[in-house]
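One structure below.
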Protein chains: 2
Amino acid sequence: MPPEKKRMSISVKTRVRDAEATKLRILEAAKKEFSKNGLEGARVDAIALDAKANKRMLYHYFKSKDGLFRTVLEREYLNIRTEETKLDLENLPPRAALETLVRFTWEYYIRNPEFITLVNSENLCQAVHIKNSPTLRTVSQKFIRRIQALLDRGVRENVFREGIDAAQLNITIASINYYYFTNRFTGAVIFERDFTSPEALQERITFNIETICRLVCKN
Amino acid sequence: MPPEKKRMSISVKTRVRDAEATKLRILEAAKKEFSKNGLEGARVDAIALDAKANKRMLYHYFKSKDGLFRTVLEREYLNIRTEETKLDLENLPPRAALETLVRFTWEYYIRNPEFITLVNSENLCQAVHIKNSPTLRTVSQKFIRRIQALLDRGVRENVFREGIDAAQLNITIASINYYYFTNRFTGAVIFERDFTSPEALQERITFNIETICRLVCKN
DNA sequence: TGTGTAAGTAACTACATGGTGCATTAGGCG
DNA sequence: CGCCTAATGCACCATGTAGTTACTTACACA
């Protein structure tokens with residue numbers, strides 16, 4: 001075998017042994033299983049099976065079930081914050097920027113339903129896994145400062161009301177979108193509607209944008 | 001023994017065997033355990049122990065772990081709806097009635113933190129336990145109609161905006177209160193605040209009332 | 001081409017779990 | 001008072017669980 005073919009096999013050819021690929025398969029499978037059944041309900045055997053990996057690998061790379069959960073969760077938080085970063089809030093008029101933010105949050109939850117149940121699991125165990133994550137702290141701070149800057153700009157341009165706290169606003173934006181999805185099953189029983197029909201989704205996002213605009217904007 | 005003493009023992013004396021009391025102790029213990037650890041995380045042995053009852057009793061009265069969870073959850077839903085019924089929304093000015101409703105929801109979650117985690121568990125398993133509960137359907141319908149009546153009255157009295165849907169409003173009121181509590185642990189990490197300090201609670205309920213009033217009221 | 005190391009596998013363990021069979025006992029009722 | 005039913009208790013089971021031990025195999029580099 002010529003040496004260049006050997007070299008290629010490192011990066012291009014489908015390798016039989018590929019640590020990174022295996023790790024990723026495990027993480028993807030874990031995300032599915034944890035979000036579907038919760039932290040306690042998730043089965044490591046099921047994760048290993050779905051990842052087409054051996055259970056031993058899972059413990060080799062992530063130490064424990066909780067270690068695996070921690071990694072999954074941190075990746076998910078990083079992912080949403082990264083996507084948020086790409087939002088062009090600074091170059092839009094304040095009101096449009098605000099609406100963009102609300103709509104992004106909404107659509108992110110639709111595209112990533114796992115995120116919500118993972119966060120729920122983490123709160124059930126009182127955030128033990130992320131409590132001491134400096135990375136998470138840093139990206140979160142950045143995000144809040146960005147929203148505060150948007151609020152300040154809106155006030156300067158005389159379109160936003162004064163004295164709104166960025167953290168409170170963030171919590172409210174998250175809540176009206178998050179709650180709708182996480183409680184859609186009990187909601188379907190109580191309100192006797194299909195929460196996921198296109199019409200229902202349309203109605204809700206419209207309502208949510210209205211809610212936030214009336215809260216933040218003048219008039 | 002005189003017969004009246006025997007009679008008394010049925011209702012007054014501490015009975016060694018008292019089905020209703022045992023049931024109640026099991027239900028209280030189950031509520032604690034299920035809300036603390038989730039449906040999958042809860043241990044029937046722990047429930048029996050805490051209830052000072054035998055595990056056999058638990059299965060005798062509630063058939064299975066899921067049967068017990070169903071009973072606990074239905075009782076909790078009935079409880080919040082019953083308390084809501086006592087709210088004097090009909091005799092207050094519309095705006096005050098709305099504020100009363102928001103404040104009640106907030107305080108109910110503070111007084112009954114278990115409710116939130118129980119509902120989260122139920123949504124994780126896609127509401128299998130309450131899906132076919134006619135009681136729950138009935139009380140929920142009543143509640144929504146009552147809010148719709150309040151909205152209508154507010155419009156007639158020219159203090160509320162037209163065209164607001166009672167279901168959407170209910171979801172929003174629940175969400176801005178519920179989310180704050182259910183996500184207070186991850187929230188503490190992300191926003192670097194104590195979500196449960198008296199000042200934080202005060203700030204949040206004020207913000208939430210403002211949010212709802214600006215959404216519903218004219219001006 | 002040979003070799004050390006890291007990737008991968010299968011079988012296993014120790015234990016905890018939800019759930020039961022069966023014997024026992026309290027107490028309301030005739 | 002004595003009987004019959006419902007409440008209770010104990011010991012047990014089958015199964016599933018997270019985590020591990022001991023081994024094999026691919027492959028990057030010399």
Side-chain angles (χ1 to χ4, degrees), chain A residues 1-27 29-30 33-34 37-72 121 125 129, chain B residues 1-27 29-30 33-34 37-72 121 125 129:
Chain A
M1 254 182 219
E4 48 293 11
K5 192 157 187 195
K6 265 192 165 177
R7 277 283 149 81
M8 272 188 71
S9 75
I10 299 167
S11 52
V12 177
K13 211 183 74 182
T14 325
R15 299 205 325 192
V16 180
R17 298 192 162 195
D18 188 332
E20 284 312 307
T22 306
K23 268 191 211 175
L24 263 174
R25 285 205 316 279
I26 292 173
L27 284 169
E33 176 75 6
F34 281 133
N37 301 315
L39 176 52
E40 287 267 4
R43 299 292 163 237
V44 284
D45 292 88
I47 294 170
L49 187 73
D50 185 45
K52 294 186 210 346
N54 192 280
K55 190 164 52 154
R56 196 65 193 78
M57 289 290 89
L58 190 156
Y59 285 94
H60 181 242
Y61 292 128
F62 304 102
K63 302 272 188 292
S64 65
K65 191 186 182 183
D66 283 274
L68 178 56
F69 183 79
R70 164 181 289 114
T71 311
V72 169
S121 281
C125 60
H129 302 91
Chain B
M1 251 184 223
E4 29 330 340
K5 190 156 187 196
K6 267 190 161 176
R7 278 283 151 84
M8 275 186 70
S9 76
I10 300 168
S11 53
V12 176
K13 213 184 70 180
T14 326
R15 300 203 326 190
V16 180
R17 297 195 161 194
D18 187 330
E20 285 312 307
T22 307
K23 268 191 210 175
L24 262 175
R25 285 205 317 281
I26 292 173
L27 284 169
E33 175 76 6
F34 281 133
N37 302 314
L39 176 54
E40 288 265 5
R43 298 292 162 239
V44 285
D45 291 272
I47 293 171
L49 188 72
D50 186 46
K52 293 188 213 336
N54 194 281
K55 190 164 56 154
R56 198 69 193 75
M57 288 293 87
L58 191 157
Y59 284 94
H60 182 244
Y61 291 128
F62 304 103
K63 301 271 190 291
S64 64
K65 189 184 183 185
D66 283 276
L68 179 56
F69 183 79
R70 165 181 288 114
T71 312
V72 169
S121 281
C125 61
H129 302 91

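Here is how names work: the chains are called A, B, and so on, in the same order as the sequence lines, proteins then strands, and each is numbered from 1. Not measured: the values here are computed from a predicted model. Just the heavy atoms: all of them, side chains too, but no hydrogens, waters or symmetry mates, feed the values below.
- In this entry the distance linking CD of A:Glu20 with C1' of C:dG8 reads 16 Å, nearest Å.
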Under 3.5 Å between N/O atoms: give me all the protein pairs with nucleotides 4-6 of chain D, atom names plus distance.
{"from": "D:dA6", "atom 1": "N3", "to": "B:Arg17", "atom 2": "NH1", "distance (Å)": "3.4"}

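- Of the inter-residue distances, the one linking A:Ile47 atom CD1 with A:Leu27 atom CG reads 10.0 Å to the nearest 0.5 angstrom.
- One finds no side-chain N or O of B:Thr22 lying less than 4.0 angstrom from the OP1 or OP2 phosphate oxygen of D:dA7.
- In plain terms, the two heavy atoms of B:Glu40 and B:Arg43 that are nearest each other are O-NH1, 3.1 Å.
- With rounding to whole Å, B:Leu58 atom CG is found 9 Å from C:dG19 atom P.
- For the pair B:Ile47 CD1 and C:dG18 P, the computed distance is 8 Å after rounding to whole Å.
- Taking the side-chain hydrogen bond (donor to acceptor under 3.5 Å, both in side chains) definition, one finds that A:Asn37 meets it with A:Glu33, sequence neighbours left out.
- When the P atom of C:dA16 is taken as reference, atom CG of B:Asn37 falls 16 Å away, rounded to whole Å.
- Spacing between atom CZ of B:Phe34 and atom C1' of C:dG18 amounts to 11 Å, rounded to whole angstrom units.
- Protein atom NZ of A:Lys23 is 12 Å distant from nucleotide atom C1' of C:dA6, rounded to whole Å.
- A:Ala51 meets the side chain to side chain contact (heavy atoms under 4.5 Å, CB included) test with A:Arg25, A:Ile26, A:Ala29, A:Ala53; sequence neighbours excluded.
- For A:Asn54 against A:Ala48, the heavy-atom pair with the smallest separation is C-CB, 4.1 Å.
- Taking every heavy atom of both residues into account, A:Leu39 and A:Ser121 meet most closely at N-OG, 3.4 Å.
- B:Lys52 places its NZ atom 17 Å from the C1' atom of D:dT8, with the value rounded to the nearest Å.
- Listed by first and then second residue, the ring-ring contact (aromatic ring centres under 6.0 Å, His included) pairs that reach into residues 49-71 of chain A are A:Phe34-A:Phe69, A:Phe69-A:His129, sequence neighbours excluded.
- For the salt bridge (Lys or Arg N to Asp or Glu O under 4.0 Å) condition, the pairs that include at least one residue of residues 51-72 of chain A, sequence neighbours left out, are A:Asp45-A:Lys55.
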Legend entry - Per-nucleotide protein contact string for nucleotides 12-23 of chain D (B base, S sugar-phosphate only, - none; heavy atom under 4.0 Å): -----SBBBB--
